[in-house]
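Below is one structure, written out as structure tokens; the observations come after it.
Quick note: residue numbers are just sequence positions, from 1. These numbers were taken from a predicted model, which means no experiment stands behind them. As the structure lists them, so they are numbered: ligands from 1, and atoms in each ligand from 1.
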Amino acid sequence: MSGADASATLAWALVDEWARAGVVEAVLAPGSRSAPLALALAADERIRLSVFLDERSAAFFALGAAKASGRPVAVLSTSGTAAANFHAAVLEARHARVPLIVCTADRPPELRDTGAGQTIDQVKLYGDAVRWFVEVGAPEDFPHAGRYWRSIGARSVTASLGPPAGPVHLNLAFREPLVPTGAPLVEADGRPGGVPWTDSRTQPAAADPRVVATLAAAVNAHARGVVVAGWGSGVPSIVASRFAGAAGWPVLADPISDLRCGPAAISTYDPLARAGRLPHPEIVLQIGAPLTNRPARERLDGAPIRLLIDPHGEWLDPARSATHRILGEAQALLRAAAEQICSRAPASSWLDGWQAEEAVARAAIDDLLDGWDEPFEGRVARDVAACLPHGSTVVVGSSMPVRDVESFVAPRDGLRWLANRGANGIDGFTSTVLGVARAADGAGPVVGLLGDLTLLHDAGGLLHAADRGLDATLVVLDNDGGGIFSFLPQAGLPEHFETVFGAPHGVDLLAVAAAYGVAGVRVDQAAEVAPAVLDAIEAGGVRLVVVPTDRAGNVDRHRQVWDALR
Ligand SMILES: Cc1ncc(C[n+]2csc(CCOP(=O)(O)OP(=O)(O)O)c2C)c(N)n1
Ligand SMILES: [Mg+2]
């Protein structure tokens, strides 16, 4: 064997291939076994490196940056439980189709299964959650080693981008010495001209003319249709608007679909469904995930024709109500179908009816909300979305925030919405928001809307947050526990409810943030929430706006809104 430094060469070749293929962000949590790759990442000026203590926060930060940018982000851990702490973010990346290059350092084979320190079985650690797994093997100088390492680097980027995008896992065994030996590198130069080892492209799917014709015929045959859009529709709002406008159909859009804008958008389907006032469509076309809102889903699942556009073959149909499924890109299909629809514009009595219901419901909701001085969680969601400048990104936490956003936010354009809805966890959220802010790079404000437990679950994500040069405002609805459970049947079991579900903590969230050097304010009046958020954005840096609310009172207020529409 030559004395060349194979570990350093492998690390350099991987990082070089990632940079050639467009990777600009990497995240690591320190450890010794990962040293060769950590040093190569730190040395490469094309890639910005963020360092976290907690691997879970590191992975969710990478997830946020990748979600916001659409570009793969590399994330590196040392061996052992460190690698296991990536798992939650890997699962979210899988289900939300986010490109992540997950690198776990490992002991070489001769140290495995021997009680060697910090050694677990890392082979296929994340199971089927990853789109590609490679046991890279301990680096050695062998013929064409450079070709092998470079092709792994290039292919890991390609595999993470799919489609569908998702996490890939490189398990990297390193032998000591783990720091550069000073020996020459193995011959492993990249292609001339700075191009990736293998330039890999996926041909964009054009819409199949027969499928387009079938969809257009279905629209032409049914005036009483609706489009429903959950997260991940992949359709630009202009395309959805043009299709809906030609069809004369309303768009029932969860804000996190980015399609709650334009004249056909209906934002009040939750209270309308609860009041039994949702008109009965003959046909429902679902793009993206199902709505989060259960009353509306239950109402629409009963439509005689339920069409599911399924770009990634994921059958996003938990109610099993789809009568027809189209495997393919919604964007190309809607764009082409809109051309073939015998347009019902400018007037469709079906759409007019929906818009009239929307106007009545919107006015009733807004009147109620505006009359309440103490912060109501639904109003906070509505007002934060309404006040933000064009170009802002809102990252919504699971539990009630994502539901209140769906129930109360009025249609508007100019916002981008993100949420961890692949697996609906409340974990890693602080770090996700900060990762989004990293990718946004000051291009527009980034605001997180989250519950108190969601903040506390990843309070550690605030470590160093003030020093990362990031701008992000975290609007925390502090109802001292899990407010969502008060809406569920568990609420009828008072004996154990607070202990087992509500889980109050009594923690001063501003003091927690202050311990990490993060400033914030507490806002007790509903009308002051939006100004406080705008002040925080203006001040810059990472800031908290804590809005105290009351779990029981919050349920009452929601019921008052539902009752008002009955
Ligand atoms: C990682 C993870 N653990 C547990 C849950 C279950 N869970 C769903 S909502 C919730 C409470 C969240 O409380 P908070 O963030 O304060 O929001 P609120 O319910 O008050 O709106 C919990 C524990 C989950 N979704 N994800
Ligand atoms: Mg809460």
Original post:
Pick one: which of V384, L534, V521 meets side chain to side chain contact (heavy atoms under 4.5 Å, CB included) with V545?
Top reply: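 One option only clears the test, and that one is V521.
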Original post:
Is the distance from the Mg ion (ligand 2) to the nearest N/O/S atom of T454 under 2.8 Å?
Top reply: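 Under 2.8 Å: T454 has no N, O or S contact with the Mg ion (ligand 2).
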Original post:
Got a sec: is G481 within less than 2.8 Å of the Mg ion (ligand 2) via an N/O/S atom?
Top reply: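 A backbone or side-chain N, O or S atom of G481 is under 2.8 Å from the Mg ion (ligand 2).
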Heavy-atom closest contact ([X] atom, [Y] atom, distance):
| X | Y | value |
| --- | --- | --- |
| H505 | D452 | NE2-OD2, 2.7 Å |
| F429 | T454 | CB-CG2, 3.4 Å |
| D383 | A530 | O-CB, 4.3 Å |

Starting from [atom], which protein heavy atom do you reach first, and at what distance in Å?
| atom | result |
| --- | --- |
| atom 21 (O) of ligand 1 | M400 CB, 3.1 Å |
| atom 25 (N) of ligand 1 | N424 O, 3.3 Å |
| atom 1 (C) of ligand 1 | D427 CG, 3.5 Å |
| atom 23 (C) of ligand 1 | I426 CD1, 3.8 Å |
| atom 19 (O) of ligand 1 | S399 OG, 2.5 Å |
| atom 20 (O) of ligand 1 | G483 N, 2.7 Å |
| atom 15 (O) of ligand 1 | T454 OG1, 2.5 Å |

Original post:
To the nearest 0.5 Å, what is the distance between OG (S267) and CD (E406)?
Top reply: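 These two atoms lie 10.5 Å from each other.
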Original post:
Which value, rounded to the nearest 0.5 Å, describes the distance between D310 atom CG and I287 atom CD1?
Top reply: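 If I round to the nearest 0.5 Å, the distance is 13.0 Å.
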Subject >> Sub-4.0 Å atoms of ligand 1 with respect to non-hydrogen atoms of G482 >> reply: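 Near G482, meaning under 4.0 Å from one of its heavy atoms, ligand 1 has 11 (C), 13 (O), 19 (O), 20 (O).
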**OP:** List every atom of ligand 1 that sits less than 4.0 Å from any heavy atom of G425, numbering the atoms from 1 in the order shown and giving each element.
**Re:**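 Under 4.0 Å from G425, ligand 1 has these atoms: 26 (N).
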Original post:
Looking only at heavy atoms of G481, does any of them come nearer than 4.0 Å to an atom of ligand 1?
Top reply: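 Flag set, G481 near ligand 1.
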Original post:
Does ligand 1 have an atom under 4.0 Å from some heavy atom of P401?
Top reply: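 So P401 counts as touching ligand 1.
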**OP:** Between N479 and ligand 1, find which residue part has any heavy-atom pair under 4.0 Å and reply side chain, backbone, both or neither.
**Re:**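 Near ligand 1, N479 shows its side chain, while the N, CA, C and O stay back.
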Original post:
Which part of L450 is near ligand 1, with near meaning a heavy atom under 4.0 Å away: side chain, backbone, both or neither?
Top reply: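 No part of L450 comes within reach of ligand 1.
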**OP:** Among the N/O/S atoms of D452, select the one at the shortest distance from the Mg ion (ligand 2) and name it.
**Re:**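 Of all N, O or S atoms belonging to D452, OD1 is the one nearest the Mg ion (ligand 2).
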**OP:** Tell me, yes or no, whether the heavy-atom count around D128 atom CG, taken from other residues, nucleotides or ligands under 6.0 Å, exceeds 12.
**Re:**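 Incorrect, the count does not exceed 12.
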**OP:** With atom 22 (C) of ligand 1 as the reference point, say which of F429, F485, F501 has the nearest heavy atom.
**Re:**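 When every heavy atom of F429, F485, F501 is considered, F485 comes closest to atom 22 (C) of ligand 1.
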Original post:
Which of the listed options, N554, D452, L488, D458, holds the heavy atom that is closest to atom 16 (O) of ligand 1?
Top reply: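 Looking at heavy atoms only, D452 sits closest to atom 16 (O) of ligand 1.
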Original post:
Are any non-hydrogen protein atoms located under 4.0 Å from atom 6 (C) of ligand 1?
Top reply: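 Answer no: nothing from the protein, no heavy atom, is under 4.0 Å.
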**OP:** Just say parallel, tilted or perpendicular for the rings of F376 and F408, cut-offs at 30° and 60°.
**Re:**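 Taking F408 first and then F376, their aromatic rings stand perpendicular (interplane angle over 60°).
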Is the backbone of [Y] close enough, under 3.5 Å, to the side chain of [X] for a donor and an acceptor to pair up by distance?
| X | Y | answer |
| --- | --- | --- |
| D258 | W417 | yes |
| D458 | S431 | yes |
| S398 | G425 | yes |

Original post:
Is the charged tip of R379 near the ring of W372: under 6.0 Å from the six-membered ring centre and within 45° of its axis?
Top reply: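 No, a cation-pi geometry is absent between R379 and W372.
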Original post:
N/O of I484 under 3.5 Å from N/O of ligand 1, yes or no?
Top reply: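 So ligand 1 has an N or O lying under 3.5 Å from an N or O of I484.
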